[in-house]
Amino acid sequence: MVPTIVRGLALPAQLTSLIDRGLWRHPGDAVLTKVIPWFEDPLAFVRDPEQMTFASRSMDMVADDPHSTYFSVARGSRAATPPELPWLDAEQAVLIAITRNPGDDGALALDYRSDPSDPCIVGSDFWSDPSTCRWRLVAPTFSAFVTALDL
């Protein structure tokens, strides 16, 4: 099976399989609340690689703005030391879910810094400290996230 590439990163085989079979879909707000109790805004799953590419462009705009630190997104290739959580490396991430309501700016991302074949899932946290966004671990791997969601 040829990997599906988004932003130069291979999507996990399990995600590609779910997409191909029409099973990569929102499990319901109640399930997401159980898995991510601190994430307050309703999410929409990004349905396919093309939309993931489009949605993920927002990270580039934020990472390329030298005056923007609120969203805690940087480019690892431009940093003196590689960014670590609570920062997101835009070059090592793909958005897989975004907030349903325009302007809420929240997201879940595959974070490839942990494992390129089964990346961890991180989420933007605007609620713990309203003065900034911090990226938090949602699941240690994509496969653990899928299991928690019962997809």
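Side chains are part of it too, since the values below use all heavy atoms of this structure and drop only hydrogens, waters and symmetry mates.
Taking the ring centre of Trp24 as origin, the terminal cationic atom of Arg47 falls outside the region bounded by 6.0 Å and 45° from the ring axis.
Note: the hydrophobic cluster containing Val122 also contains Trp38 (ILVMFWY, side chain heavy atoms under 4.5 Å, direct or indirect links). In the hydrophobic cluster analysis, where Ile, Leu, Val, Met, Phe, Trp and Tyr join through side-chain heavy atoms closer than 4.5 angstrom, Val94 is grouped apart from Ile5. Cluster membership check: Trp87 does not share its hydrophobic cluster with Val62, using side-chain heavy-atom separations under 4.5 Å among Ile, Leu, Val, Met, Phe, Trp and Tyr. Tyr70 and Ile98 fall within the same hydrophobic cluster, where Ile, Leu, Val, Met, Phe, Trp and Tyr residues are linked whenever their side-chain heavy atoms come under 4.5 Å apart, directly or through other members.
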Next on the checklist: Quick one, Arg25 with Leu18, criterion side chain to side chain contact (heavy atoms under 4.5 Å, CB included). Give me CA distance, side-chain angles, the key distance, then yes/no.
Outcome noted: CA-CA 9 Å; Arg25 58 181 178 254; Leu18 288 167; over 6 Å; no

Item to check | side chain to side chain contact (heavy atoms under 4.5 Å, CB included) evaluation trace for Leu149 with Lys34 | outcome: CA-CA 9 Å; Leu149 296 178; Lys34 280 185 178 180; over 6 Å; no

Next on the checklist: Quick one, Asp29 with Arg100, criterion salt bridge (Lys or Arg N to Asp or Glu O under 4.0 Å). Give me CA distance, side-chain angles, the key distance, then yes/no.
Outcome noted: CA-CA 11 Å; Asp29 291 337; Arg100 256 186 252 155; 2.3 Å; yes

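When only modelled atom types and interatomic distance are considered, Arg21 and Ser17 share a side-chain donor-acceptor pair under 3.5 Å. If you check the side chains of Asp125 and Ser128, you find a donor sitting under 3.5 Å from an acceptor.
Side-chain N or O atoms of Ser68 include none that pairs as donor or acceptor with a backbone N or O of Asp65 at under 3.5 Å. No side-chain donor-acceptor contact under 3.5 Å links Asn101 to the backbone of Asp104. Side chain of Trp135 to backbone of Phe71: a donor-acceptor contact under 3.5 angstrom is found. The main-chain N or O of Ser77 is found under 3.5 Å from a side-chain atom of Glu91 such that the two form a donor-acceptor pair. In this structure, Arg113 contributes its side chain and Cys120 its backbone to no donor-acceptor pair below 3.5 Å. Using modelled atom types, no side-chain atom of Thr4 and backbone atom of Leu11 make a donor-acceptor pair closer than 3.5 Å. Here the side chain of Asp118 pairs a donor or acceptor atom with the backbone of Ser143 at under 3.5 angstrom. Judged purely by atom type and a 3.5 angstrom limit, Thr99 has no side-chain atom pairing as donor or acceptor with the backbone of Leu43. Between the side chain of Tyr112 and the backbone N or O of Ala10 there is at least one donor-acceptor pair closer than 3.5 Å.
The two residues Gly106 and Ser124 make their nearest non-hydrogen contact at CA-OG, 3.2 Å. Counting all heavy atoms, side chain and backbone alike, Leu151 lies closest to Pro27 at CD2-CB, 4.2 Å. Of all non-hydrogen atoms in Ala74 and Pro83, the two that sit nearest each other are CB-CG, 4.3 Å. Of all the heavy atoms in Ser56 and Arg7, the pair that sits closest is CB-CD, 3.2 Å. The two residues Ile96 and Phe142 come nearest to each other via the heavy atoms CD1-CE1, 4.4 Å. For the pair Pro119 and Asp111, the tightest heavy-atom approach, listed with the atom from each and the gap, is CB-O, 3.3 Å.
At most 12 non-hydrogen atoms from other residues, nucleotides or ligands lie less than 6.0 angstrom from CG of Asp150.
Residue Leu108 forms a side-chain contact (heavy atoms from CB on, under 4.5 Å) with just one option from Leu95, Val46, Ile36, and that option is Ile36.
Classification of the Phe39-Trp127 ring pair by plane angle, with boundaries at 30° and 60°, yields perpendicular.
Residues that satisfy the side-chain contact (heavy atoms from CB on, under 4.5 Å) test with Pro86, not counting sequence neighbours, are Arg134. Scanning for side-chain contact (heavy atoms from CB on, under 4.5 Å) contacts around Asp64 gives Asp60, Arg75, Arg78, with sequence neighbours left out.
Interatomic distance, CG of Leu9 versus CD of Gln92, reported as 5.5 Å (0.5 Å rounding). In this structure, the separation between OG1 on Thr53 and CG on Asp48 is 8.5 Å, given to the nearest 0.5 Å. Distance check, rounded to the nearest 0.5 Å: CG of Asp89 to OG of Ser72 gives 13.0 Å.
Put simply, the side chain of Ile19 reaches to within 4.5 Å of the side chain of Met52, judged on heavy atoms.
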